Amino acid sequence: MSKSSETKLEELQDLEPSLEEFRASVIEGLSASRKTLPCKFLYDRRGSQIFDDICDLPEYYPTRTERQILEQHARDIAALIGPELRLVEFGSGAGMKIRLLLQALEKPSAYLPVDISREHLIAANADLAQTFPDLCIAPVCADYTAPFSLPDLPGISYKATAGFFPGSTIGNFTREEAVSFLAGARGLLGSGSVMIVGADLVKNIDVLRDAYDDAAGVTASFNLNLLRRINRELGGSFELAQFRHEARWNADLERIEMHLVSQRRQEVTVGGQRFSFAAGETIHTESSHKYRLASFRALAAEAGYEPIEVWMDEKQLFSVHALRAL
Ligand SMILES: C[S@@+](CC[C@H](N)C(=O)[O-])C[C@H]1O[C@@H](n2cnc3c(N)ncnc32)[C@H](O)[C@@H]1O
């Protein structure tokens, strides 16, 4: 992507994980006694498109609820994080929620969306640049679980840096991983920066399960797409019809788990290696941890932040936290 003369869209900083990293992660995950695959690889071009469809599902309350909270409190958030800002978004996806903040912010200086899904990131920001032609947009394709640095933006001055991590994507981490991610983000953003994080809340189990196993089967196709990706990119031999999507509530860890359940005893090869599946054996592909306000604040404090504000919807389905990096 080259810098456009009509917009202030900077060239993509491309740190996309290599095919070799993908292969090594898949082989490691399938070799474990309890098979697992990293959820970050759910997001290839097709996976990101399916995720956008999930966001529109009647069962998937997180997106519309968080949007509602952001719409209602965009001015409060803008007042808190201030003018002439360098705004970093982690896992920016289709870039819809940031629009609500950008409209409310006073003269934002630069927007730096970070996402692992390269094609989707490029398309989303080409679109955003049309809506905000005066805003400097500097997309970064990177895995935010590994260290990376933000691009220099010569000629762009800013008074502060803020982070935005919506979508309850933080729920994909274990508690330990979430602390480590937030601590890393604090290093990237700098002491004194405000971080706005969307965290989904513990609620009725049926509501949760339906959100991750919708009637139309869109979440099932999102999950199964990972096997399709492995077949295409790593020469895997998964037969998709022989695996079934399942969403499970893990009460001890207060999380929804997405699994792919082997429908029979079978063998699959990936990258020249053979993996055996028993009937009913699963691959754990994603966790979505649900929080309580106090447990989330404690986690943030452990990562070096002072919790300064929280906004919720009326039904208390979802929370948006403002944290200040110490
Ligand atoms: C649950 S979706 C949320 C998308 C959007 N922020 C929203 O709120 O609707 C997670 C997003 O994070 C990205 N993502 C997941 N794991 C990532 C990683 N390790 N590094 C960078 N981006 C990642 C995905 O590509 C996807 O766009």
Side-chain angles (χ1 to χ4, degrees), residues 12-18 21-22 25 29 37-57 60-71 74 87-102 111-125 127-128 139-150 163-174 177-178 180-182 184-185 188 195-200 211-212 218-219 222-223 225-226 229 247 255-256 258 285-290 317-321:
L12 179 81
Q13 176 168 302
D14 196 353
L15 306 167
E16 186 185 25
S18 66
E21 283 176 64
F22 180 36
S25 295
L37 290 168
C39 66
K40 63 189 174 194
F41 293 119
L42 288 163
Y43 296 93
D44 62 352
R45 180 204 282 251
R46 175 101 187 95
S48 293
Q49 285 165 349
I50 307 175
F51 180 76
D52 291 345
D53 294 340
I54 290 175
C55 291
D56 291 333
L57 290 170
Y60 198 72
Y61 65 86
T63 301
R64 63 173 176 274
T65 311
E66 188 181 32
R67 277 191 67 104
Q68 219 176 65
I69 299 170
L70 292 172
E71 268 161 16
L87 185 56
V88 181
E89 181 173 8
F90 299 91
S92 51
M96 299 314 288
K97 291 171 189 164
I98 197 65
R99 290 168 188 252
L100 302 170
L101 292 193
L102 289 172
Y111 169 56
L112 294 85
V114 180
D115 205 290
I116 199 167
S117 186
R118 190 175 180 279
E119 309 305 321
H120 200 59
L121 177 69
I122 292 171
N125 285 286
D127 231 40
L128 196 74
V140 179
C141 179
D143 174 357
Y144 53 49
T145 61
F148 68 97
S149 48
L150 295 171
F164 184 44
F165 193 30
S168 200
T169 310
I170 195 153
N172 295 152
F173 295 132
T174 61
E177 289 166 346
S180 149
F181 168 81
L182 284 177
L188 205 63
M195 177 76 160
I196 305 291
V197 187
D200 198 10
Y212 293 86
V218 183
T219 315
F222 175 64
N223 200 1
N225 180 59
L226 182 50
R229 179 180 188 181
R255 70 185 192 193
I256 285 281
M258 292 205 320
T285 50
E286 190 189 76
S287 295
S288 293
H289 292 79
K290 304 303 167 189
L317 296 174
F318 199 94
S319 60
V320 175
H321 296 254

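Not measured: the values here are computed from a predicted model. Just so you know, ligand 1 is whichever comes first in the structure, and atom 1 is the first atom listed for that ligand. Just the heavy atoms: all of them, side chains too, but no hydrogens, waters or symmetry mates, feed the values below.
Residues S92 and I98 have side chains not in contact (no heavy-atom distance under 4.5 Å, counting atoms from C-beta outward). Residues F164 and K97 have side chains in contact (heavy-atom distance under 4.5 Å, counting atoms from C-beta outward). With contacts defined as side-chain heavy-atom distances shorter than 4.5 Å, the pair I196/H321 does not qualify. Taking 4.5 Å as the limit, every side-chain heavy atom of I116 sits out of range of all side-chain heavy atoms of L121. Taking the side chain as every heavy atom from C-beta outward, I54 and T63 never approach each other to under 4.5 Å.
Relative to the six-membered ring of F222, R46 misses at least one condition, a distance below 6.0 Å or an angle of at most 45° to the axis.
For ligand 1, the polar-atom distance check finds no N/O of K40 at less than 3.5 Å from any of the ligand's N/O atoms. Considering both main-chain and side-chain atoms, E66 never comes within under 3.5 Å of ligand 1 through any nitrogen or oxygen pair. Considering backbone and side-chain N/O of D143, one or more are found under 3.5 Å from N/O of ligand 1. Geometrically, ligand 1 and G91 share a nitrogen or oxygen pair separated by less than 3.5 Å. Residue-to-ligand polar distances place I116 within reach of ligand 1: an N/O pair is separated by less than 3.5 Å.
The shell of residues lying under 4.0 angstrom from ligand 1, judged by heavy atoms, excludes G47. Residue contact check for ligand 1: D115 places a non-hydrogen atom closer than 4.0 Å to it.
In this structure, a donor-acceptor pair under 3.5 Å is present between the side chains of Y61 and D200. Judged purely by distance below 3.5 Å, without hydrogens or angles, the side chains of S287 and H289 never pair a donor atom with an acceptor atom. Using a 3.5 Å distance cut-off with no hydrogens or angles, the side chains of T145 and D143 do pair a donor with an acceptor.
Counting protein heavy atoms only, atom 14 (N) of ligand 1 is closest to Y144 OH, 3.7 Å. Looking from atom 7 (C) of ligand 1 to the surrounding protein, the closest heavy atom is K97 NZ, 3.4 Å. In terms of protein heavy atoms, atom 3 (C) of ligand 1 is closest to T169 OG1, 3.5 Å.
Only the side chain of F51 comes within contact range of ligand 1, with a heavy atom under 4.0 Å; no backbone atom does. The residue H120 has no part lying near ligand 1, judged by heavy-atom distances below 4.0 Å. At a 4.0 Å heavy-atom cut-off, ligand 1 touches Y43 through the side chain alone. Counting heavy atoms closer than 4.0 Å to ligand 1, residue A142 contributes backbone atoms (N, CA, C, O) but none from C-beta onward.
Atoms of ligand 1 lying under 4.0 Å from any heavy atom of G93, numbered from 1 in the order shown and given with element: 27 (O). Interface of G167 with ligand 1, defined as ligand atoms under 4.0 Å from a residue heavy atom, comprises 8 (O). The contact set between ligand 1 and S117, taken as ligand atoms under 4.0 Å from a residue heavy atom, comprises 25 (O).
F41 and F22 have their aromatic ring centers within a separation under 6.0 angstrom.
Between F165 and F173, the ring-plane angle classifies as tilted under the 30° and 60° cut-offs.
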